[in-house]
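Let me begin by presenting the structure, written as structure tokens, before commenting on it.
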Amino acid sequence: MEIEIPMKLGLWWSKSHLEDQTGKIVIENDYLYMPERFSECFWILFERLNYTHDYCLHQLICSEHKLEESRLHAKEGPYDEDHYYWEYNVDVIAKCTVLVVMTSFVEWGLKRVLKELAETIPPKTDRGVSDIGHYINYLKTELLSNWEVSPGTLSTLDSLRRLRNKFAHGEWDAVEPLLEELLFKDTFSAVSCLFRTIEESAWESEWGK
């Protein structure tokens, strides 16, 4: 089982753990959530979060393997400079791609929740507010009055939004400082926490009754 790269990244495959010979848990995924109560909306949402996470981890591992392969080739041939490009691919492009996927997941998940709870996706009237911000505000003010979003989660979502915009518009040099703010485990944990708190509040709302 591949463990070195996930350990380096601070990630672990969803729904699994690793024990030593004494049965002590060495590593486990403790940052992704699965609901205990069943509703099709939230069950599918969290299933997709877990599998999206594993897809992203797989892509990161493949990129790291390619970098190691290019470094080995460089030792064999002094004019092989592929590893310089693959270092950038791993440090910037691969990381950005994963975080862009997570940003899109958040938007997809919020739309899914709104369709379930409000049976519609409310149109945005304020162009100064992001789509994600608009959906969160609507859930808070119109549907889930008891729901609170932690400042840390909001900060992570804002960093994701800025990174997606800069990466999509070709401002690749500007994304590197943002990558220092967005640790993979913390980012996945924040996304999981966002939807976990939505689910908990939804069960306490009129929808849950």
### Full working for side-chain contact (heavy atoms from CB on, under 4.5 Å) between Arg112 and Ile44
CA-CA 10 Å; Arg112 180 177 182 83; Ile44 290 176; 3.4 Å; yes
Given side chains that start at C-beta, do those of [X] and [Y] come closer than 4.5 Å, heavy atoms only?
X: Ile5; Y: Leu60; value: no
X: Phe46; Y: Leu32; value: no
X: Leu57; Y: Trp12; value: no
X: Leu110; Y: Ile136; value: yes
X: Leu117; Y: Leu139; value: yes
X: Lys95; Y: Phe184; value: yes
X: Gln59; Y: Thr97; value: no
X: Glu64; Y: Val90; value: yes

### Task
Look at the rings of Phe188 and Tyr31 and say which category their plane angle falls in: under 30° parallel, 30 to 60° tilted, over 60° perpendicular.
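Because their plane-to-plane angle lies in the 30° to 60° range, the rings of Phe188 and Tyr31 count as tilted.
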### Message
Evaluate Glu171 against Val175 for side-chain contact (heavy atoms from CB on, under 4.5 Å), listing each step before the verdict.
### Response
CA-CA 7 Å; Glu171 299 177 37; Val175 302; 5.7 Å; no
### Residues Glu4 and Lys8 bridged, charged N to O under 4.0 Å
no
### Message
Taking Glu47 first and then Lys15, would you say they form a salt bridge - that is, a charged N and a carboxylate O separated by under 4.0 Å?
### Response
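Salt bridge: yes.
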## Note on the structure
From the list Val191, Val101, Val98, side-chain contact (heavy atoms from CB on, under 4.5 Å) partner of Thr52 resolves to Val101
Which value, rounded to the nearest 0.5 Å, describes the distance between [X] atom [atom1] and [Y] atom [atom2]?
X: Asn29; Y: Ser192; atom1: CG; atom2: OG; value: 8.5 Å
X: Arg196; Y: Ser201; atom1: CZ; atom2: OG; value: 10.0 Å
X: Lys111; Y: Thr120; atom1: NZ; atom2: OG1; value: 12.0 Å
X: Arg161; Y: Ser130; atom1: CZ; atom2: OG; value: 5.5 Å
X: Phe105; Y: Trp108; atom1: CZ; atom2: CH2; value: 5.5 Å
X: Glu206; Y: Leu143; atom1: CD; atom2: CG; value: 11.0 Å

### Message
Let's go through Thr197 and Glu148 carefully: what are the C-alpha distance in whole Å and the side-chain angles of both, what is the deciding distance for side-chain contact (heavy atoms from CB on, under 4.5 Å) to 0.1 Å, and is it a yes or a no?
### Response
CA-CA 8 Å; Thr197 56; Glu148 295 292 339; over 6 Å; no
Treat each ILVMFWY residue as a node, draw an edge where side-chain heavy atoms are under 4.5 Å apart, and state whether [X] and [Y] are in one component.
X: Leu114; Y: Trp43; value: yes
X: Tyr88; Y: Leu163; value: yes
X: Leu183; Y: Trp13; value: no
X: Met34; Y: Val113; value: yes
X: Val100; Y: Ile132; value: yes

Over all atoms of both residues, closest heavy-atom pair of [X] and [Y]:
X: Ser70; Y: Leu67; value: OG-O, 2.7 Å
X: Ser145; Y: Lys140; value: O-NZ, 3.4 Å
X: Tyr138; Y: Ala118; value: CE2-CB, 4.3 Å
X: Leu99; Y: Thr187; value: CD2-CG2, 3.9 Å
X: Ser159; Y: Glu181; value: OG-OE1, 2.9 Å
X: Arg164; Y: Ser104; value: NH1-OG, 4.1 Å

Look only at the side chain of [X] and the backbone of [Y], and say whether a donor-acceptor pair between them is shorter than 3.5 Å.
X: Asp54; Y: Ser14; result: yes
X: Ser205; Y: Ala202; result: yes
X: His134; Y: Pro122; result: yes

### Query
Among all residues two or more places apart in sequence or in another chain, which pass the salt bridge (Lys or Arg N to Asp or Glu O under 4.0 Å) test with Asp30?
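Salt bridge (Lys or Arg N to Asp or Glu O under 4.0 Å) check on Asp30 returns Lys185.
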#### Entry: Trace of the side-chain contact (heavy atoms from CB on, under 4.5 Å) decision for Leu157 with Met102
CA-CA 10 Å; Leu157 294 177; Met102 289 313 301; over 6 Å; no
### Query
Are Glu199 and Trp203 close enough that a side-chain donor and a side-chain acceptor fall under 3.5 Å?
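There is such a pair (donor and acceptor under 3.5 Å, judged by atom type) between the side chains of Glu199 and Trp203.
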### Query
Can the ring centroids of Phe42 and Phe195 be said to lie less than 6.0 angstrom from one another?
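Ring centres of Phe195 and Phe42 not closer than 6.0 Å.
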